[in-house]
**Q** 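There's a structure below that I have some questions on.
For clarity, every value in this text was computed on a predicted model and none was experimentally measured.
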Amino acid sequence: MISYVFNLLFFNPIYNGLIFLMATFSWMDMGVAVIMITIIVKLIIFPLTKKSIKLQIIQKKIDPDIKKIKEEYKDNKEEQARKIMDLYKEKGLNPLSSILIMFIQIPIIFALYFVFLNGGLPEINNEILYSFVKNPEGVNTIFIGLIDMLDKSLFLAILAGISQYIQIQLILPKIDFRSNGKKRSFKEDLMKSMNLQMKFVMPIIIVVIAYYLPSAIALYWVTSNIFMIGQEILVRRRMEQNELKVESL
């Protein structure tokens, strides 16, 4: 059942989308098709990602209020949790909403993985083609004449890591880890460790994973990260412009 739903919602649409693009545009190689498919997927889930980015920006802005509540009610954890939840409700925040986008991307990455690893490309599996998708005369797997999408690519793997680092820099809140002569608590040390791991260790992990997978997946990662960086900057600027308009009234 799970396999059927996965194929129906993710594997088959991505497979058919790639074949459709390469059959419709004879000049299009597999790499360009991967970029186009990635952009289409990102545009489809844009309403969700836009909302998630807005919530992340609001979360950063209310961090000082949360710290104040935690300090004020440090001896009463139940009241502390209630006050924080009240603040979330007041600002229209859902702490779990940003995780939704991550879970949406996981099956997409798996679908790409199976398309390029087990999909039989460059041979076409006619059994899973939609009726309106034609079988292309040939499949060009060489992206811009340089990189084989079915092989490894250190260059694309490094680009995936760099773009992931930039995206994390935009998303993660800026935390002041200076002690100012005070001994940091275990929680503060843990937060610092997690922050550093997200900023520096995660991109390295992405490079390693992307290198050992077909370069088409690394290209998806690069395109996806660049798209997300653009979204983050666009949404942030629009929110700032709207706030300036409100303040000027």
Side-chain angles (χ1 to χ4, degrees), residues 6 10-46 49 53 101-125 136 138-172 196-234:
F6 174 77
F10 298 100
F11 181 88
N12 290 350
I14 288 175
Y15 186 89
N16 278 272
L18 285 168
I19 303 304
F20 175 80
L21 288 171
M22 289 186 287
T24 304
F25 306 99
S26 57
W27 53 267
M28 186 177 292
D29 61 56
M30 189 179 291
V32 176
V34 168
I35 293 173
M36 294 299 295
I37 284 291
T38 305
I39 292 173
I40 291 169
V41 170
K42 289 296 179 182
L43 289 174
I44 290 172
I45 64 175
F46 177 72
T49 53
I53 291 169
I101 302 303
M102 181 184 70
F103 281 113
I104 289 175
Q105 292 206 62
I106 290 174
I108 296 173
I109 293 172
F110 272 111
L112 280 168
Y113 174 79
F114 287 118
V115 163
F116 292 105
L117 200 69
N118 300 325
L121 294 170
E123 298 297 323
I124 308 299
N125 186 348
V139 175
N140 180 10
T141 64
I142 311 300
F143 177 46
I144 58 174
L146 295 173
I147 303 173
D148 190 344
M149 290 288 95
L150 302 179
D151 202 357
K152 301 174 184 177
S153 171
L154 179 60
F155 173 71
L156 286 179
I158 291 173
L159 275 185
I162 292 172
S163 58
Q164 187 71 48
Y165 172 80
I166 296 171
Q167 185 190 351
I168 289 172
Q169 286 288 97
L170 286 171
I171 292 174
L172 281 183
L196 291 173
Q197 286 181 39
M198 283 293 291
K199 282 185 177 180
F200 301 107
V201 178
M202 180 63 74
I204 294 173
I205 292 173
I206 294 297
V207 171
V208 174
I209 293 174
Y211 175 69
Y212 284 101
L213 294 176
S215 58
I217 298 174
L219 182 60
Y220 163 80
W221 240 320
V222 173
T223 308
S224 175
N225 288 338
I226 291 173
F227 194 93
M228 289 295 290
I229 290 167
Q231 274 188 165
E232 178 85 20
I233 294 171
L234 177 65

**Q** Report the C-alpha distance between M202 and I168 in whole Å, list the side-chain angles of each, state the deciding distance to 0.1 Å, and finish with yes or no for side chain to side chain contact (heavy atoms under 4.5 Å, CB included).
**A** CA-CA 9 Å; M202 180 63 74; I168 289 172; 3.9 Å; yes
**Q** Between W27 and F25, how do the two ring planes meet: parallel, tilted or perpendicular, split at 30° and 60°?
**A** tilted
**Q** Working to the nearest 0.5 angstrom, can you tell me the gap between M228 CE and F46 CZ?
**A** 10.0 Å
**Q** Taking side chain to side chain contact (heavy atoms under 4.5 Å, CB included) as the definition, give me every residue that meets it alongside P136, ordered by chain and number, with sequence neighbours left out.
**A** I19, A23, I124, V139
**Q** Can you list every pair that meets side chain to side chain donor-acceptor pair (under 3.5 Å) and has a residue in residues 207-225, with sequence neighbours left out?
**A** K42-S224, Q105-Y220, Q105-S224, S163-N225, Q164-N225
**Q** Tell me every residue that passes side chain to side chain contact (heavy atoms under 4.5 Å, CB included) with V115, counting only those two or more places apart in sequence or in another chain.
**A** F11, I14, Y15, L18, L121
**Q** Side-chain atoms of residues 141-154: list all donor-acceptor pairs with protein atoms under 3.5 Å, sequence neighbours left out, distances to 0.1 Å.
**A**
residue, atom, partner, partner atom, Å
T141, OG1, D148, OD1, 3.2
D148, OD1, L150, N, 3.0
S153, OG, L156, N, 3.2

**Q** Taking all non-hydrogen atoms of both residues into account, name the closest pair between G161 and P203 and its distance.
**A** O-CB, 3.4 Å
**Q** Quick one: side chain to side chain contact (heavy atoms under 4.5 Å, CB included) partners of I166, sequence neighbours excluded?
**A** I162, I229
**Q** Show, in sequence, the C-alpha distance, side-chain angles and deciding distance for F227 and T38, and conclude whether the side chain to side chain contact (heavy atoms under 4.5 Å, CB included) test is met.
**A** CA-CA 9 Å; F227 194 93; T38 305; over 6 Å; no
**Q** Taking the side chain as every heavy atom from C-beta outward, state whether E232 and Q167 have any pair of such atoms under 4.5 Å apart.
**A** no
**Q** Going from CD1 on I37 to CD1 on I40, what distance comes out if it is rounded to the nearest 0.5 angstrom?
**A** 5.0 Å
**Q** Taking salt bridge (charged side-chain N to carboxylate O under 4.0 Å, His left out) as the cut-off, I'd like each qualifying pair that reaches into residues 15-39, sequence neighbours left out, listed once.
**A** none
**Q** Rounded to the nearest 0.5 Å, how far apart are CZ of F10 and CZ of F114?
**A** 13.0 Å
**Q** Going by the rule side chain to side chain contact (heavy atoms under 4.5 Å, CB included), which residues pair with M36 if we only count those two or more places apart in sequence or in a different chain?
**A** L21, M28, V32
**Q** For Y165, enumerate each residue passing the ring pair (Phe, Tyr, Trp, His ring centres under 6.0 Å) test, keeping only those at least two apart in sequence or located in another chain.
**A** F200
**Q** Hey, what do you get for CD1 (I206) to CD1 (I204), rounding to the nearest 0.5 Å?
**A** 11.0 Å
